[in-house]
Amino acid sequence: MIPDEPVRGHIPPPWYGALSGIERVRASSTGRLPLPPLARLLGLRTTHVVPGGITVAMPATEASLAPNGQLQIGPVMVAALEGACSTVMPSGMDFEPLKVTSDPLRPAWLRPGNLLARARVVSSGKLFVLAEVQVEDSDGRHLAQGSLQATVRRLEPAPPPPPRMMPRIEEPTYETPDPYLRRFAVPPPLVEVLEHLVEVLEHKDAASAPLHLADVENPIGKLFGLRMEELTEARASWSMPASEWFCMRGSSVSPAAIGVLTGASRWSAAMTLHQRGRDVVPLDDVVRYFRSVRPDGRRLRSETALTEQAPNLFLAETTIRDADGQVVTVSSGCLVHLDAAQRTRPHRTESRRLVATLLFTDIVDSTQHAERLGDARWRALLEEHKLTVRRELSRHNGTEVDTAGDGFFVRFDSPAQAIEAARAAGRATARLGIEIRAGIHTGECEIEGNRPVGMAVHIAARVQAAAQPGEILVSSTVKDLAVGSGLRFADRGQQNLKGVPDPWRLYAVVD
């Protein structure tokens, strides 16, 4: 279990509250403060922030998979809501969550890229603040929406003044990657789990039902230290340690983590209602918060009970208590039994066109590295290289398209993001004794499934092939689009790119 490991990241210092809310968010997102533990656990990153608005990204990796085979989107949703509320807090003020609502619209499936949560403040005053959020996947599909209502309070005692200078810090490095970058086994198909559970419950062998579900590969359970305590028909109980790993804005366990415990409890209770050929689908959820939780390592416990209020319509009520038995949250939501055939996925066009920025990278002199190190050491170094690059791609909101050999193919929303990601990846891999070259081009391309294809992809690959060791080479299109970004370029002249009509003027990014 990850919570058993030493905590990575740091809870913000006391003077953090003396900053205005927008300064707090920017200090964390620009690297002037260490990442908080929950961000190191899940890969949460702020990609855009303005007063009253924020966008938070979370990598869609195996680490966030629940036993139902879907991604857990609650943490990125709540992180964005809290981030938006933070941006409107005056110096010396903070907020306490009162109520979080969420409305799931479609499942979140594992696919390359990031989940994005875009939140904005709807209303703020001296007493309360209200924010709303939308969550989408890497294809831009709307997955869920929600809201946060919180009470505004003055920080007691008053925080000390911040330091005059907050230079950018260097995050520590570890022998193993952050939890969200590690490899986790993908859970078996949900239908296998459910059919076995039906057999267990039909034979009234309830004692073996928790054992079976506990044995299912459950990455999110390992990430949060979840443990099933009890399972009977329409009822479930789970527990989770109040770990410092789960702190985000301050020294209390984040509601984003508490929501994971609620989700595990509710999902397993709902699965006991499974019928062949029918699905149990969540409709909404309302969570009310009554007290904060100190990260003292003791276990929180959830209790979920389902009651059928109308044919095929169930009310799910979940209570979470701390180790002293005090109520932390009470939540309620509706679940509906649907004919599985009604959930046939809508037809999606096989391809569409959009403008994207494409990045290709590869390792310089990879063959010589392999010959010098031998197969085993080279494979280990290559794996470390991939983890290192993926960490930087996630930080800069890149969508990994493909990894072939020692190279990456990545899609970005803007040229500046791609260039900064390539720079960061070059610096990070240099510490491994590896040098990379990178090529970037922006153009219109076809998207088949989640993969860009077409001439723009071909040009980007050829630009990368023309780059010198350690160089980030870009097309003239990228250079023109980056005007006003502060980036500097050196002209490398017109070059003929293999298989590309007409010469292209290329530019090297200058540090």
Side-chain angles (χ1 to χ4, degrees), residues 66-74 77-78 98-109 132-135 141-149 190-191 193-206 209-210 213 228-238 258-290 301-321 327-346:
N68 61 1
Q70 298 176 23
L71 294 168
Q72 173 65 258
I73 67 172
M77 172 185 282
V78 176
L98 293 176
K99 180 177 71 174
V100 171
T101 70
S102 62
D103 300 294
L105 303 176
R106 52 173 55 87
W109 302 112
E132 62 182 17
V133 66
Q134 291 187 344
V135 182
R141 299 189 317 148
H142 193 176
L143 300 177
Q145 59 192 27
S147 66
L148 166 64
Q149 185 178 20
L190 180 60
V191 66
V193 178
L194 296 181
E195 296 302 332
H196 182 88
L197 184 58
V198 167
E199 293 177 5
V200 168
L201 293 175
E202 284 177 349
H203 289 84
K204 307 301 180 184
D205 187 10
L213 282 185
M228 183 181 288
E229 303 291 350
E230 183 182 353
L231 183 67
T232 57
E233 188 170 353
R235 303 185 70 89
S237 175
W238 285 70
I258 294 174
V260 172
L261 177 59
T262 300
S265 184
R266 184 166 297 173
W267 173 82
S268 56
M271 292 308 96
T272 67
L273 304 177
H274 174 72
Q275 300 173 5
R276 290 181 175 87
R278 300 183 69 80
D279 288 340
V280 180
V281 180
L283 298 179
D284 58 22
D285 188 33
V286 179
V287 184
R288 299 184 185 276
Y289 294 84
F290 296 101
R301 181 159 177 152
S302 67
E303 301 283 348
T304 295
L306 306 182
T307 54
E308 190 169 16
Q309 301 296 316
N312 296 319
L313 187 64
F314 298 83
L315 177 66
E317 295 180 294
T318 303
T319 301
I320 293 181
R321 291 181 170 84
V327 174
V328 176
T329 68
V330 173
S331 62
S332 62
C334 283
L335 307 170
V336 63
H337 247 154
L338 292 178
D339 186 336
Q342 296 179 358
R343 302 196 71 199
T344 301
R345 293 187 181 184

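None of the values given here were measured: they were computed from a predicted structure.
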Colleague: Please report the shortest heavy-atom distance between Ser331 and Val287, naming the atom on each side.
Modeller: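 Minimum heavy-atom contact is CB-CG2, 3.6 Å.
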Colleague: Quick one: do Trp109 and Gln70 satisfy side chain to side chain contact (heavy atoms under 4.5 Å, CB included)? Show the steps, please.
Modeller: CA-CA 5 Å; Trp109 302 112; Gln70 298 176 23; 3.6 Å; yes
Colleague: Could you measure the distance from the CD atom of Glu132 to the OG atom of Ser147? Nearest 0.5 Å is fine.
Modeller: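 If we round to the nearest 0.5 Å, Glu132:CD and Ser147:OG are 8.0 Å apart.
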Colleague: Checking the side chain of Ser237 only, and the main-chain atoms of Glu303 only, is there a donor and an acceptor separated by less than 3.5 Å?
Modeller: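 Not a single qualifying donor-acceptor pair exists.
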Colleague: Apply side chain to side chain contact (heavy atoms under 4.5 Å, CB included) to Leu313 and Leu283, showing your working.
Modeller: CA-CA 10 Å; Leu313 187 64; Leu283 298 179; 4.0 Å; yes
Colleague: If I take atom OG1 from residue Thr329 and atom CD1 from residue Ile258, how far apart are they, to the nearest 0.5 angstrom?
Modeller: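 Rounded to the nearest 0.5 Å, the OG1-CD1 separation comes to 6.5 Å.
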Colleague: Checking the side chain of Ser265 only, and the main-chain atoms of Thr262 only, is there a donor and an acceptor separated by less than 3.5 Å?
Modeller: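 Pair absent, no side-chain N/O of Ser265 close to backbone of Thr262.
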Colleague: Which heavy-atom pair separates Ala108 from Ile73 by the least distance, and what is that distance?
Modeller: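 Residues Ala108 and Ile73, closest heavy atoms: CB-CG2, 3.6 Å.
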Colleague: For the atom pair CZ (Arg301) and CD (Glu229), what is the distance rounded to the nearest 0.5 Å?
Modeller: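 With rounding to 0.5 Å, CZ (Arg301) is 5.0 Å from CD (Glu229).
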Colleague: Provide the closest heavy-atom pair for Pro282 versus Leu335 in the form atom of the first, atom of the second, distance.
Modeller: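 Here Pro282 and Leu335 meet closest at CA-CD2, 3.5 Å.
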Colleague: Which heavy atom of Ala264 sits nearest a heavy atom of Trp238, and at what distance?
Modeller: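 Taking Ala264 first and Trp238 second, the nearest heavy atoms are O-NE1, 3.5 Å.
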Colleague: Say you draw a straight line from CG of Leu143 to CD of Gln134; how long is it, rounded to the nearest 0.5 Å?
Modeller: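 Interatomic distance, Leu143 CG to Gln134 CD, rounded to 0.5 Å: 10.5 Å.
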Colleague: What heavy-atom pair brings Pro107 and Arg141 nearest, and what distance separates the two atoms?
Modeller: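 Closest heavy-atom pair between Pro107 and Arg141: O-NH2, 3.4 Å.
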Colleague: Between Thr319 and Glu317, do the side chains contain an N or O donor and an N or O acceptor separated by less than 3.5 Å?
Modeller: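 There is no such pair (donor and acceptor under 3.5 Å, judged by atom type) between the side chains of Thr319 and Glu317.
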Colleague: For Gln145 and Leu105, which heavy atoms make the closest approach, and how far apart are they?
Modeller: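 Minimum heavy-atom separation between Gln145 and Leu105: OE1-CD1, 4.5 Å.
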Colleague: Can you tell me how far the CZ atom of Arg288 sits from the CD atom of Gln149, to the nearest 0.5 Å?
Modeller: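 Interatomic distance, Arg288 CZ to Gln149 CD, rounded to 0.5 Å: 8.5 Å.
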Colleague: How long is the straight-line distance from CZ of Arg235 back to OG1 of Thr304, given to the nearest 0.5 Å?
Modeller: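 It is 9.0 Å, given to the nearest 0.5 Å.
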Colleague: If the condition is side chain to side chain contact (heavy atoms under 4.5 Å, CB included), which residues does Ser102 pass it with, not counting sequence neighbours?
Modeller: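 Per chain and number, Ser102 pairs via side chain to side chain contact (heavy atoms under 4.5 Å, CB included) with Met77, Asp285.
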